[in-house]
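Only one structure is covered here, and it is reproduced in the block below.
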2 protein chains.
Amino acid sequence: MEQILPHLDSVFSIDCVLFGFDGKELKILLIERNEEPFKDWWALPGNIVGADESLDQSASRILYELTGLRGIYMEQYYAFGDPGRHPQGRVITLAYYALIRLGGDKELRPISTYAKRANWLPITDLPKLAFDHQKIYDKGLEKIKRRIKHQPIAFELLPEKFTLTQLQHVYELILGKKLDKRNFRKKIVSFGVLKELDEKQKGVSYRAATLYRFDKRRYAKLFGKEISF
Amino acid sequence: MEQILPHLDSVFSIDCVLFGFDGKELKILLIERNEEPFKDWWALPGNIVGADESLDQSASRILYELTGLRGIYMEQYYAFGDPGRHPQGRVITLAYYALIRLGGDKELRPISTYAKRANWLPITDLPKLAFDHQKIYDKGLEKIKRRIKHQPIAFELLPEKFTLTQLQHVYELILGKKLDKRNFRKKIVSFGVLKELDEKQKGVSYRAATLYRFDKRRYAKLFGKEISF
DNA sequence: ATTACTTAGTGTAAAAATTACACACTATAT
DNA sequence: ATATAGTGTGTAATTTTTACACTAAGTAAT
């Protein structure tokens with residue numbers, strides 16, 4: 001990424017678009033840069049790929065260093081490499097996205113040193129981003145919009161046990177449109193990858209909803225068949 | 001790519017999976033390597049990204065150098081960068097695919113010098129490939145299988161004027177299954193991106209089929225709506 | 001205990017899309 | 001004229017999608 005600038009002909013980095021969901025809003029993790037260029041700007045977190053790492057390993061390491069999280073579903077989605085994208089030299093960057101549930105049990109570990117601070121900012125109100133990071137983010141959002149229609153990625157944003165209303169909420173946020181409650185339930189249940197639990201939601205001041213869990217086993221068996229929203 | 005090996009810490013290259021269609025079979029372009037490592041093996045054509053090129057420009061240049069073709073629909077789809085993928089050092093490569101119609105008017109220009117020869121080989125009978133090129137190819141095929149369901153890429157494999165039977169043939173080859181003729185026609189026509197011409201097929205020894213053309217303008221207007229096979 | 005409030009949870013009918021399926025037509029070659 | 005090979009077309013049954021509104025269940029306040 002951009003915070004370290006060795007004097008090489010070209011640098012290969014990974015930038016991460018970390019989508020977080022706190023139960024209400026979709027957010028992304030941004031850092032405020034402490035160095036030129038783009039000092040004081042917000043930027044996507046990223047880093048340089050290590051010599052002996054695979055790309056996925058590198059992405060996992062970077063995610064870990066920035067958030068303390070492991071075992072997160074993460075996927076590379078596009079390489080950005082315009083010669084002018086970095087003012088100080090050729091930096092080709094590979095973009096990954098990850099989906100993370102926020103709040104709840106463990107708080108995210110504070111971030112590495114190269115930034116003034118890091119913050120989860122709601123995607124509805126993002127600041128101007130450094131470099132071509134707006135473009136990287138845009139493409140990432142586009143990507144998960146498509147992917148959520150065919151892959152069970154929404155569950156990554158939710159706690160292990162969730163209600164159908166919460167799940168619907170995630171779909172609505174990512175797709176950017178309201179869905180019909182009855183039709184949503186009919187369809188999502190018909191995929192057969194949800195396990196209805198005997199438990200109910202707790203701590204709400206109204207009728208508690210049934211909790212569900214994503215059933216990875218049954219999903220694995222479906223392989224080949226396509227989910228389609 | 002792999003034929004040139006400057007003594008740098010890491011090298012960034014582009015490899016191309018060029019799918020070609022000759023009216024009968026799906027083929028890909030392979031080169032026979034003339035140098036170690038993997039001397040005499042078949043490999044995907046590729047090259048190193050130039051210092052002042054964007055990634056897409058670089059891919060276009062490489063395609064042009066290898067085939068003499070310009071203006072081909074081409075898209076990056078995955079970066080491969082396992083530390084061990086190249087025996088002589090770290091080479092991160094970005095894979096692009098392109099779809100090309102073979103035969104007909106202009107023959108492909110012969111290939112650069114770094115290979116003994118280049119050949120279009122049917123995908124049903126591929127040799128062992130150098131490096132991790134089998135993996136790159138597999139992922140590329142997977143990619144176009146998905147993409148052909150939502151994007152009008154099949155037309156890139158056909159001449160400008162084509163029959164519905166030829167179009168169906170392309171879909172069947174890529175999807176790897178037979179389709180019903182009447183249903184296929186109903187659906188593909190319903191998308192509204194085909195222009196029926198007044199011309200008929202020529203040179204066949206049976207009833208000549210009507211020719212169609214892909215209507216880019218009407219497709220552009222559809223943007224937002226999804227084609228779905 | 002009654003009431004007010006808030007979200008959970010459910011069914012159906014109409015419309016649209018998908019599937020399965022077979023034969024007559026047309027051009028050419030002999 | 002006849003054989004041949006691929007073109008081009010319609011419909012009925014099934015499945016999927018859409019649109020739509022009320023009762024049930026639990027909590028909170030009185």
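Values reported hereafter were calculated over all heavy atoms of this structure, with side chains retained and with hydrogens, waters and symmetry mates removed. Since the structure is predicted, the reported quantities are computational estimates derived from the model, not experimental observations. Lettering follows sequence order; numbering is per chain, from 1.
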Discussion item. Students often get this wrong, so: under 4.0 angstrom with heavy atoms, is A:Thr210 touching a base, only sugar-phosphate, or nothing?
Written reply: sugar-phosphate
Worksheet item: Taking atom C1' of C:dC21 as reference, at what distance in whole Å does atom NZ of B:Lys181 sit?
Response: 13 Å
Practice prompt. Under the side-chain hydrogen bond (donor to acceptor under 3.5 Å, both in side chains) rule, collect the residues that match up with A:Asn119, sequence neighbours excluded.
Written response: none
Practice prompt. Shoot me the first and last contacting nucleotide of DNA chain D against chain B, ordered 5' to 3', at under 4.0 angstrom to non-hydrogen atoms.
Written response: D:dA5 to D:dT11
Item to complete: Name the nucleic acid region contacted by A:Thr165, choosing base, sugar-phosphate or nothing; use a 4.0 angstrom heavy-atom cut-off, strictly under.
Response: sugar-phosphate
Worksheet item: Picking from C:dT10, C:dT18, C:dT19, which would you name as closest to the side chain of B:Lys187?
Response: C:dT18
Discussion item. The side chain of B:Arg207 is closest to which nucleotide in this list: C:dG9, C:dA20, C:dC25?
Written reply: C:dC25
Worksheet item: Hey, does the side chain of B:Ser205 come within less than 4.0 Å of C:dA27's phosphate (OP1/OP2), counting only N and O?
Response: no
Practice prompt. For B:Tyr206, check side-chain hydrogen bond (donor to acceptor under 3.5 Å, both in side chains) against everything at least two apart and list the hits.
Written response: none
Worksheet, complete the sentence: Given the options B:Lys143, B:Gln76, B:Arg147, B:Tyr97 meets side chain to side chain donor-acceptor pair (under 3.5 Å) only with B:Arg147
Practice prompt. Measure across A:Ile136 and A:Tyr77 and return the closest heavy-atom pair with its distance rounded to 0.1 Å.
Written response: O-OH, 2.7 Å
Worksheet item: Just how far, in rounded Å, is P of C:dA8 from CD of A:Glu196?
Response: 14 Å
Worksheet item: Under 3.5 Å, is there a donor-acceptor pair between the side chain of A:Lys187 and the main chain of A:Ser228?
Response: yes
Practice prompt. Indicate yes or no for a side-chain donor-acceptor contact from A:Glu172 to the backbone of A:Leu179 under 3.5 Å, with no hydrogens or angles considered.
Written response: yes
Discussion item. From CG of A:Asn183 over to P of C:dT12, roughly how many Å is that when rounded to an integer?
Written reply: 15 Å
Worksheet, complete the sentence: Of A:Gln201 and A:Lys186, the one whose nearest nucleotide on DNA chain C sits closer to the 5' end is A:Gln201
